Amino acid sequence: MAAALTIGTAIPSDGRAQTGPFESIDLSVRVASDVNHATFHDFWDPGVGVEASLGFPFYAGALRIGVQQFHNDPIGVTTVGFRSRYFHGGWDGGLRLAPRLTWRTGVHAGLYHVWFDADTIPEFSRSESEFAIGGRSLLEYVLGSRWLLGASADYQLVLTHERIHRVMLGVGVGYRFPSPGWLRDFLR
Amino acid sequence: MASRLPALTLALGCALVGSGAAQERADSTVLTQVIEGHTLRQSGVVRIADLLTLLDDWDPATIDELTWQAQPAGAAPLADARWMVLVDGQRLELDLFGTTSLNRLPLPLGIIERVEVTRTPLIAGGDLATYGVIQFHTIEGSRGLRAGLWGTTGSEINDPGPFAVTPRATPNVDRIGNDLSGDVAYGGRGWSVAGGLRFGRHNFTDPAIVTRYGSAAGELGVKVTLAGGWGRAGVRTARGRHDLLVLRSRLDDHLPLDPFASELAVREQFTHVGASGTLDAGRRTAISYTASWSASDAGARGSTAMPFAWRAEVAALGGEVAASAGSLSLTSGARVRRIAVSADRPIEDDRLLLGTVYGSATIARAGPVAPVLRGALTLAEGEAGVAAALGSRWRPAPGWLAQGELSYTRAVRAVDNSVWGWAHRGDPLLTDPGLSITQNGPLRRLSAAGADLALGRTAEALVNVRFTVLWRGYGGVTSTRQELAPVPITGTFAGPTEVVTDGSGQILGGLGGAAVRLGRRSRVTVAYRVAGAIEGDDVFRAAAATVPVHALRSTVAVTPAPGLDLWGMMTWRSSTTWEDYTGVEAVTAGAYRARVPGWVNLDLAVQKWFWHRRLRLHAGFRNVFGATVRYHPVGAELGSRFLLQGEVAYR
């Protein structure tokens, strides 16, 4: 099982009250490592991946959209490597443990898209996609007034016929800034 | 009961006000379900036919999840669909060989304001409709510009994913979409124009149908497409309104043909051009008219398909006068319909002329009881068909509405659009040397009698309930009995067919439901339906066994925050038995089973509006638990699938 460090909390963790919906944006980047060992990992080594996400405070908790990318190297000569991108959205809620420390837990769902490396695969079948769901739990620390540090554990279930179970640990950094008025207007 | 008399039907049903996804309007009757546009969005319908899954009092069924059929509770089992479809008051001739596929209706989803669904007698479309009516109402033209786009993509889960390149590879799964529809409207003072397009596709992969569909379409494979356009122009004056409606659709579909025990891969094209209007002819008198022309084409596609071409043109002209005096309201009208068919084979009676006169009288007294008498007389091919209904509404207590309907119909044979009906008129299709068909007598005229008694609470209340009891009796029913065996090469089935005419039977049922409002932002509905044959010959009873006796539907709609909608729908459908496939089950070692087990299905969806409700993003997950959802012994299994939907609207 892996723990991932995640950044990008939409709920202020510095003791301030919850801001209004879409009042701020958390722009976050994290690196994560898949530490699970399941059927998927008999065929591929996912290595370390990256994720970028945007988080917004919602009426309760926070909404987040993001994309996570891994390159999955083949194990053995009979398998083909591929690049995966997980386009997802989700919601999480936070529990303040200390003035600047928040424990957040939530769910996410999205599309797990696959691009195979091999040129020998016909163009029309070089990519695949499947629905995926998951959950994430993370600790988030507010550094100063705008910077965020986080560490998280993340579970993903890709609903392919042969299920893909991924458990990731990650760390990341984020930056919080007020939403521009036009964006708040749009999102509401 | 073996009575050959026109069936006496008693219907017993219970249903709930506002049950299911639809929200009953306060002014609607307890026998009508209204599905609003927002319900279509919350539930994430992909194509128009999907709305049939939102109906409480109808039983929807599908072979492939693309083409849905439905029959209202109490309908004659396995009979051809005779329910009526109207768009903005204009009747559409969608039926093709007894199959009415709503996907032949090319309305963009975004322009549907509401759909009213009635299964009890109703004056509509220039007739007294006794087999059900589905009325689409599009968004009224307004001043200024309005435009919208609605798109959906989705797929079954259980794709092979990256395992496709490993020894653990599995077959691909159904791809739903991409489906896209859009519309543009512009209105000025007293006039408006609107138009729209629709496109969609579906890729079948289920092993239960893919061989059969593949062999039917040959090199074209099993991927099908839907395309179509819609246009409307309207003028409003101080004395009335006039509308022109144009529809054109093209659908690569699989048309079920019972005698062949398989589907025919066809390209269906539907065209409708119609004008309708209403004129005020005085303080209490209105005159309305309709004139329309439509054409339904179906032609075989694919190199291995059997030769098949069919075209039915229908021209119709109708007028109606509605007047009221004191407590009496009268409506009377007439409609003439001319049907001309042509095919790749000579058809003996290829021209039909039907004339209908109809009327209704309603007494709206100051008291709590309002009786209404409706009737219609149709002349065609030397026959006279009658339909009559006596109904009444009364309010036993404030906020409560009771409604009763007694009806009787004896239709002319000219309205029988089934393959059997056309065989009776000299279509040689069924003389195919590969078919073994015996018929026990001449085709009879279908007759039906019905009774419905409903009680419901119509006032806005915390809990609204509705109960209905329904009874139907049928005579002159044409049914088939087949002893099918699989044809492995084509994935189809074949066997001798026995056509049993003049069948009879009775159905008794009940509908019940409740709608509970939990605060301002939550609504829960439950609707339960039970109906089954209580009398009838063996063939009628066997046909009735193909319709589930029990069905339950429950929805939860929650708006936890402005612009955010959560939706859930649970459906339970009891088992059905298809006697014709008993032999198939034995030969295929159970791969196809005559008994389709019951199932419980759960759909979940979430959607968020943005930009002051100009943009909507929707994510849906159907059959969350991965239940074995199947409607037909040789139909596809509708597995778990996800949908992503988006809508942009400028108003």
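Labels below follow one simple rule: chain letters A, B, ... track the order of the sequence lines, proteins then strands, and each chain is numbered from 1. Not measured: the values here are computed from a predicted model.
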- Message: Quick check on A:Trp103: does its CH2 atom have over 12 non-hydrogen neighbours (other residues, nucleotides or ligands) under 6.0 Å away?
- Response: no
Open item on the list: Students often mix this up, so state it plainly: with edges at 30° and 60°, are the rings of A:Phe40 and B:Phe163 parallel, tilted or perpendicular?
Closed with: perpendicular
Ranked by heavy-atom pairs below 4.5 Å to chain A, first place among B:Pro560, B:Ala561, B:Ala164, B:Ser155 goes to B:Ala561
query = Going through the checks in order, is the side-chain contact (heavy atoms from CB on, under 4.5 Å) test met by B:Leu615 and A:Phe186?
reply = CA-CA 9 Å; B:Leu615 172 65; A:Phe186 174 84; 3.3 Å; yes
In this structure, CD1 of B:Ile157 is separated from CG of A:Leu157 (nearest 0.5 Å) by 8.5 Å
Looking at A:Phe177, I'd like to know if its CZ atom is crowded, meaning that more than 12 non-hydrogen atoms belonging to other residues, nucleotides or ligands lie closer than 6.0 Å. yes
- request: Report yes if some heavy atom in the side chain of B:Pro162 is under 4.5 Å from a heavy atom in the side chain of A:Ile164; otherwise report no.
  value: yes
Closest non-hydrogen atoms of A:Phe43 and B:Pro167, given as atom of the first, atom of the second and distance, are CE2-CD, 4.1 Å
In this structure, CZ of A:Arg188 is separated from NZ of B:Lys608 (nearest 0.5 Å) by 9.5 Å
d(A:Asp185 CG, B:Trp611 CH2) to nearest 0.5 Å is 10.5 Å
So, the part of A:Val114 with a heavy atom under 4.5 Å from chain B: the answer is side chain
The reported gap from CZ in B:Arg168 to OG1 in A:Thr39 (rounded to nearest 0.5 angstrom) is 5.0 Å
query = Does a side-chain heavy-atom distance below 4.5 Å link B:Leu564 with A:Phe58?
reply = yes
Honestly, the part of A:Ser129 sitting under 4.5 Å from a heavy atom of chain B is backbone
Looking only at heavy atoms, the pair that brings A:Leu187 and B:Phe610 closest together is O-CD2, 3.4 Å
(message) So does B:Asp159 get a backbone contact from the side chain of A:Glu130, meaning a donor-acceptor N/O pair under 3.5 Å?
(response) yes
The interface call for A:Phe131 against chain B, heavy-atom contacts under 4.5 Å, is both
So, the part of B:Thr170 with a heavy atom under 4.5 Å from chain A: the answer is side chain
Chi angles and distances behind the side-chain contact (heavy atoms from CB on, under 4.5 Å) call for B:Asn158, A:Leu159:
CA-CA 6 Å; B:Asn158 292 327; A:Leu159 298 172; 5.7 Å; no
Are B:Asn172 and A:Glu128 packed together at the side-chain level, in the sense that at least one heavy-atom pair is separated by less than 4.5 angstrom?
yes
task: For the pair A:Trp44 and B:Thr166, evaluate side-chain contact (heavy atoms from CB on, under 4.5 Å) and give the outcome as yes or no after the intermediate values.
output: CA-CA 11 Å; A:Trp44 296 280; B:Thr166 72; 3.6 Å; yes
Between B:Phe642 and A:Leu111, does a side-chain contact (heavy atoms from CB on, under 4.5 Å) hold up when you go through it step by step? CA-CA 10 Å; B:Phe642 67 90; A:Leu111 278 182; 3.2 Å; yes
Highest number of heavy-atom pairs under 4.5 Å with chain A among B:Ala619, B:Pro171, B:Pro160, B:Pro562 belongs to B:Pro562
Looking only at B:Arg641, B:His612, B:Arg614, most heavy-atom pairs under 4.5 Å shared with chain A are made by B:His612
